[in-house]
Amino acid sequence: SGDSAPLNEAMAVLQHHDAVTGTCKQHVADDYARQLAAGWEPCEVLLSNALARLSGSKEDFTFCRDLNISRCQLSQTSSSFQVTIYNPLGRKVDWMVRLPVSKGVFLVRDPQGRTVDNNVVILPSTDRQMDHSELLFSASVPALGFSTYSVTKMTNGKLQTRAPRRRPKKSS
Amino acid sequence: FNVLAIENEHIRATFNPKTGLLMEIENLDKKLLLPVQQAFFSYFASRGDRLSDQVSGAYIFRPNQSQPLPVRRWAQIRVVKTDLVQEVHQNFSAWCSQVVRLYPGQQHLELEWTVGPIPVIDSWGKEVISRFDTPLKTNERFYTDSNGREILERRRNYRPTWNLNQTEEVAGNYYPVNSRIYITDGQVQLTVLTDRSQGGSSVRDGSLELMVHRRLVNDDRRGIGEPLMESGSGALVRGRHLVLLDTFQAAASGHRLLAEKVVLAPQVVLAPGGGVPYNLG
């Protein structure tokens with residue numbers, strides 16, 4: 001079961017001035033990080049439950065915590081996946097989604113099943129072993145709601161695998 | 001290149017082709033052009049001097065000289081231009097790089113910086129800043145916020161409620177920046193939104209700086225009992241500055257709406273797909 005109380009508590013602890021300013025001892029900083037990480041985990045379950053209820057579909061949701069450093073196991077290894085974007089703002093937003101992927105050509109569809117323009121950008125890296133391609137597409141998300149986009153990798157202009165079973169899914 | 005620029009329908013950012021540094025920002029809607037040079041600098045931490053034995057530490061920011069040193073005077077660059085994004089990748093050193101980015105329809109310039117681990121092998125603590133230099137006549141004034149609620153006017157070497165005897169030229173003019181800092185000459189305003197709380201200042205007229213990372217080798221004797229020194233090889237930090245150029249009259253509506261989008265940013269959740277129908281029953 002999901003629970004937001006541990007993250008609430010961790011956030012409350014982190015109101016202390018040495019957490020806000022970073023003036024704590026290193027072992028205290030490590031403990032703050034531990035409390036935040038432990039608090040986030042049951043929140044992911046809570047969010048998964050909420051999304052399942054709102055979308056009417058129970059999925060194996062993945063929260064990519066390392067997106068800021070272009071790392072996400074699911075998007076980098078799967079040939080098809082779904083991207084759900086939740087907008088906590090009280091107005092519609094258009095948002096550029098950036099996801100690390102392996103090199104290739106992708107087909108992106110919006111919640112209405114229409115094809116969405118996308119680009120794969122190859123990023124410079126000092127580590128030549130790592131693949132640093134990122135998939136970009138613009139997502140439109142309603143106020144205080146979410147949109148689900150589907151991404152499928154293509155080979156030689158054809159879908160590499162069957163697209164995930166499509167269910168009528170609109171922005172909610 | 002003769003001219004190196006990225007642009008969309010609202011903004012053009014021009015880079016010096018020799019140095020790779022940002023040179024100019026233009027608001028195409030309002031036909032505003034502002035020379036802006038942006039680069040990274042580092043203040044070397046004080047170890048105490050004849051005026052005071054106070055060293056720079058976790059609590060105390062005290063650089064040992066008023067002029068920071070550039071991380072490098074030029075950046076190795078790479079340009080990426082596609083239909084959906086235009087980016088200039090700037091590499092200043094092995095521990096300092098930045099991507100200047102523009103998406104279609106976007107009214108601000110995005111600067112995604114990556115700094116660290118700060119080298120301290122020379123036994124000098126360092127505090128790294130991103131500095132924007134413009135010719136704006138700002139009359140010793142700049143503006144910082146308190147969680148976006150109240151923007152306060154800050155005046156260099158001045159306090160509104162007492163006669164200040166300024167003894168720290170740089171640190172004495174640093175203020176908390178929770179979400180934004182700006183400078184203006186009454187006509188044009190340059191605003192920088194941050195994605196986290198940082199220290200910021202305008203040490204010279206037309207200049208605006210934000211501290212992005214710091215690593216120190218000495219304890220400042222204020223009770224922590226250890227220097228601000230990450231264990232292992234050190235921390236690598238990535239963050240974003242969103243830069244807006246607008247008229248003074250229109251700037252507030254622009255940075256307030258943009259800040260809302262930053263604070264309440266969309267959350268991305270992935271799933272392999274093919275889930276089973278779900279309802280409460």
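Below, each value reflects all heavy atoms present in this structure, side chains not excepted, and no hydrogens, waters or symmetry copies.
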task: Using a 4.5 Å cut-off on heavy atoms from C-beta on, say whether the side chain of M229(B) contacts that of Q26(A).
output: no
- prompt: Does any heavy atom of chain B fall under 4.5 Å from the side chain of L99(A), the backbone, both, or neither of them?
  reply: side chain
task: Measure L84(B) against the heavy atoms of chain A and call it side chain, backbone, both or neither at under 4.5 Å.
output: both
message: With side chain to side chain contact (heavy atoms under 4.5 Å, CB included) as the criterion, how do M96(A) and V85(B) come out once you've worked through the C-alpha distance, each side chain's angles and the decisive distance to 0.1 Å?
response: CA-CA 9 Å; M96(A) 192 64 75; V85(B) 71; 6.0 Å; no
message: Does any backbone or side-chain atom of Y103(B) lie under 4.5 Å from a heavy atom of chain A? Answer side chain, backbone, both or neither.
response: side chain
query: Which residue out of R101(B), R196(B), R214(B) racks up the most heavy-atom pairs below 4.5 Å with chain A?
result: R101(B)
field: Distance, nearest 0.5 Å, that separates OG1 of T82(B) from CG of N119(A)
entry: 3.5 Å
task: Could you tell me whether a side-chain N or O of K25(A) sits under 3.5 Å from a main-chain N or O of I224(B), the two making a donor and an acceptor?
output: yes
message: A side-chain contact here means heavy atoms from C-beta on lying under 4.5 Å apart; do D117(A) and D83(B) qualify?
response: no
- prompt: Which atom pair, heavy atoms only, marks the closest approach of W95(A) to K261(B)?
  reply: CZ3-O, 4.1 Å
task: Over all heavy atoms of both residues, which pair between A271(B) and F61(A) is shortest? Give the atoms and the distance, please.
output: CB-CD2, 4.0 Å
- prompt: After noting the C-alpha distance and the side-chain angles of V268(B) and V83(A), does the key distance pass the side chain to side chain contact (heavy atoms under 4.5 Å, CB included) rule?
  reply: CA-CA 7 Å; V268(B) 175; V83(A) 185; 3.7 Å; yes
field: R238(B) side, atom CZ; S70(A) side, atom OG - distance, nearest 0.5 Å
entry: 6.0 Å
query: Between R98(A) and E87(B), does at least one N-O distance fall below 4.0 Å, as a salt bridge requires?
result: yes
message: Take a 6.0 Å sphere around CD of Q76(B) and say whether it holds more than 12 heavy atoms from other residues, nucleotides or ligands.
response: no
field: Residue part contacting chain B, namely of D94(A), when any heavy atom lies under 4.5 Å
entry: backbone
message: Return the CD to CZ distance between Q267(B) and F146(A), rounded to the nearest 0.5 Å.
response: 14.5 Å
Greatest number of heavy atom pairs closer than 4.5 Å to chain A - which of A265(B), S197(B), G225(B), P227(B): A265(B)
task: Apply side chain to side chain contact (heavy atoms under 4.5 Å, CB included) to L270(B) and C72(A), showing your working.
output: CA-CA 10 Å; L270(B) 304 189; C72(A) 177; 3.4 Å; yes
message: Would you say that more than 12 heavy atoms from the other residues, nucleotides or ligands in this model lie under 6.0 Å from the CD of E9(B), or not?
response: yes
query: Heavy-atom distance under 4.5 Å to chain B: side chain of T21(A), backbone, both or neither?
result: neither
- line: If one checks every heavy atom of S75(A) against chain B at 4.5 Å, the contacting part turns out to be both
field: Part of L257(B) lying under 4.5 Å from any heavy atom of chain A
entry: both
- request: Answer with side chain, backbone, both or neither: which region of A94(B) has an atom nearer than 4.5 Å to a non-hydrogen atom of chain A?
  value: neither
query: Do side-chain atoms of N87(A) reach the backbone of P266(B) as a donor and acceptor pair under 3.5 angstrom?
result: no
query: What are the two closest non-hydrogen atoms of H17(A) and Y59(B), and how far apart are they?
result: CE1-OH, 3.4 Å
- line: Of the listed L74(A), N68(A), N118(A), the one with the largest count of heavy-atom pairs under 4.5 Å with chain B is L74(A)
message: With heavy-atom distances below 4.5 Å as the criterion, would you say the side chains of V269(B) and L51(A) are in contact?
response: yes
